[in-house]
Amino acid sequence: MVAKITNYGTIITELHAPDRQGKNQDVVLGFDHLEPYLTKHPYFGATVGRVANRIAKGRFELDGKTHTLAINDGPNHLHGGLKGFDKMRWKAEPQAGAAVKFTYTSPDGEEGYPGALAVSVTMTLTEANELRIDYLATADQPTPVNLTNHSYFNLAGSGDVLGHELWIAADHYTPVDETRIPTGEIKSVKGTPMDFTSPQPIGSRFVQLHVKPVGYDNNFVLNSGGKGLALAARVREPKSGRVLETYTTQPGVQLYTSNFLDGSLTGKQGFAYRQHCAFCLETQHFADSVNHPNFPSVILRPGQTYSHATVYKFTVT
Ligand code: GLA
């Protein structure tokens with residue numbers, strides 16, 4: 001495999017994985033140059049933080065104090081705000097083997113978040129065709145933290161992903177309102193289009209979702225409960241035989257099927273990125289956890305260490 005990563009947003013710009021004939025193909029969306037990454041794009045390949053996903057109305061209470069954050073997604077805060085970790089220049093240090101450690105210190109008050117947060121993201125390409133991402137963070141004041149990687153995968157390397165077969169280790173999901181904020185319920189996937197407990201083509205139940213733009217943009221509650229590194233999802237692309245397994249220590253995964261892409265962004269090799277041309281498996285804590293005491297907590301306190309890992313492993317069938 002080959003991985004190319006930039007210190008701007010720690011963006012994975014290229015990820016080449018073999019098909020069943022051993023032929024390598026770039027399987028992530030992105031751009032050929034830095035410039036388009038500096039303009040508006042939907043978090044292609046980036047580390048997202050300080051808090052990935054949505055925070056209702058950009059407000060939360062912590063230890064009796066109300067904090068207000070940038071609003072950048074309808075009425076809500078999304079993916080760290082106007083200038084999140086995806087738009088920061090990180091320090092890059094090579095590690096032993098095929099690995100790079102990226103570090104960034106988010107100052108107190110950045111995008112409205114309390115306290116300074118020192119973050120490291122180490123990306124390692126292993127001999128087992130895995131891209132492993134290790135996240136560490138410490139804070140000097142209590143603050144919410146929820147880090148993910150926002151890679152857009154297409155295991156065929158082109159076309160749409162509707163026929164990719166997806167399995168997710170989740171018996172439950174978190175239903176959302178019309179602004180994609182969780183209602184607080186943890187619902188069974190049984191009998192719903194959220195049921196990926198047996199492999200299903202990604203696009204086979206889109207019409208049952210009754211959302212616009214159509215497609216998945218939902219958080220799944222992983223059966224592992226976020227206890228240890230566990231298999232969260234498996235995606236198989238029938239033609240190439242490529243299989244992507246996602247392992248994570250996180251309690252949730254946001255499945256996003258690039259519903260907002262509309263062909264107006266031109267990516268690598270001149271490809272127009274159309275709706276449903278990729279899927280994201282954003283391993284993370286649930287959206288708006290800061291406002292839902294029944295969800296696993298995202299609060300990091302001084303003296304504690306935030307530590308999570310996600311592994312994207314490539315095989316073939
Ligand atoms: C996440 C969100 C989506 C969208 C994309 C980026 O997956 O859940 O609603 O904002 O990021 O476009």
Side-chain angles (χ1 to χ4, degrees), residues 9-12 28-31 36-37 39-58 69-87 111 146-154 161 166 168 170 173-183 194 196 202 206 209-222 232-233 235 246 248 250-267 272-292 295 298 310 312:
T10 84
I11 293 171
I12 300 164
V28 294
L29 268 51
F31 303 110
Y37 283 112
T39 61
K40 209 173 152 52
H41 76 96
Y43 308 90
F44 286 150
T47 291
V48 177
R50 186 178 299 199
V51 175
N53 217 313
R54 293 173 178 77
I55 294 178
K57 313 261 179 342
L69 308 170
I71 303 295
N72 61 329
D73 186 65
N76 302 319
H77 175 87
L78 175 69
H79 290 337
L82 299 171
K83 193 173 179 198
F85 292 0
D86 59 296
K87 296 177 187 68
E111 298 291 318
N146 188 27
L147 304 175
T148 194
N149 178 271
H150 210 308
S151 284
Y152 286 68
F153 297 100
N154 181 320
V161 295
L166 170 63
I168 305 180
Y173 74 107
T174 51
V176 289
D177 69 13
E178 58 288 342
T179 72
R180 310 214 73 78
I181 292 294
T183 59
M194 301 297 154
F196 285 98
I202 287 182
F206 271 9
L209 290 169
H210 304 295
V211 286
K212 268 191 187 157
V214 72
Y216 290 94
D217 192 357
N218 297 89
N219 170 63
F220 291 78
V221 178
L222 295 171
V235 188
T246 302
T248 190
Q250 295 275 10
V253 64
Q254 181 92 6
L255 168 65
Y256 173 59
T257 51
S258 51
N259 316 333
F260 294 112
L261 292 182
D262 58 7
S264 61
L265 273 180
T266 301
Y273 288 145
R274 299 185 202 290
Q275 197 182 35
H276 310 142
C277 73
F279 65 90
C280 305
L281 288 167
E282 303 158 58
T283 56
Q284 57 188 258
H285 276 62
F286 315 162
D288 201 29
S289 288
V290 273
N291 292 308
H292 294 283
F295 290 176
V298 290
T310 291
Y312 292 116

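In listed order, ligands and their atoms are each counted from 1. The first residue of the sequence shown is numbered 1, and numbering continues consecutively from there.
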Notebook entry, point to check: Does the ring-ring contact (aromatic ring centres under 6.0 Å, His included) test come out yes or no for Y216 and F206, once each step is laid out?
Noted result: CA-CA 8 Å; Y216 290 94; F206 271 9; 5.8 Å; yes
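- If you check which protein heavy atom lies closest to atom 12 (O) of ligand 1, you get P42 CB, 3.5 Å.
- The shortest N or O to N or O distance between H150 and ligand 1 is below 3.5 Å.
- Atoms of ligand 1 found under 4.0 Å from any heavy atom of H79 (numbered from 1 in listed order, with element): 1 (C), 2 (C), 11 (O).
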Checklist line | From CA spacing to verdict: side chain to side chain donor-acceptor pair (under 3.5 Å), D73, N76 | finding: CA-CA 5 Å; D73 186 65; N76 302 319; 4.9 Å; no
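- Of the protein's non-hydrogen atoms, the one nearest atom 2 (C) of ligand 1 is D217 OD1, 3.5 Å.
- Nearest to atom 10 (O) of ligand 1 among the protein's heavy atoms is L78 CD2, 3.3 Å.
- Heavy-atom proximity to Y152, at under 4.0 Å, picks out these atoms of ligand 1: 6 (C), 12 (O).
- Salt-bridge check for R274 with D262: failed, with every basic side-chain N at 4.0 Å or more from each acidic carboxylate O.
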Next item on the list: Starting from the C-alpha separation in whole Å, work towards a yes-or-no answer on ring-ring contact (aromatic ring centres under 6.0 Å, His included) for Y43 and H79.
Entry: CA-CA 9 Å; Y43 308 90; H79 290 337; 4.6 Å; yes
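- Looking at atom 7 (O) of ligand 1, its nearest protein heavy atom turns out to be E282 OE2, 2.7 Å.
- Other residues, nucleotides and ligands place more than 12 heavy atoms under 6.0 Å from the NZ atom of K87.
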Check: Do Y256 and F279 pass the ring-ring contact (aromatic ring centres under 6.0 Å, His included) test, and can you show the C-alpha distance, the side-chain angles, and the key distance before you say yes or no?
Finding: CA-CA 6 Å; Y256 173 59; F279 65 90; over 10 Å; no
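- Atoms of ligand 1 found under 4.0 Å from any heavy atom of R54, numbered from 1 in the order shown, are 2 (C), 3 (C), 8 (O), 9 (O), 10 (O).
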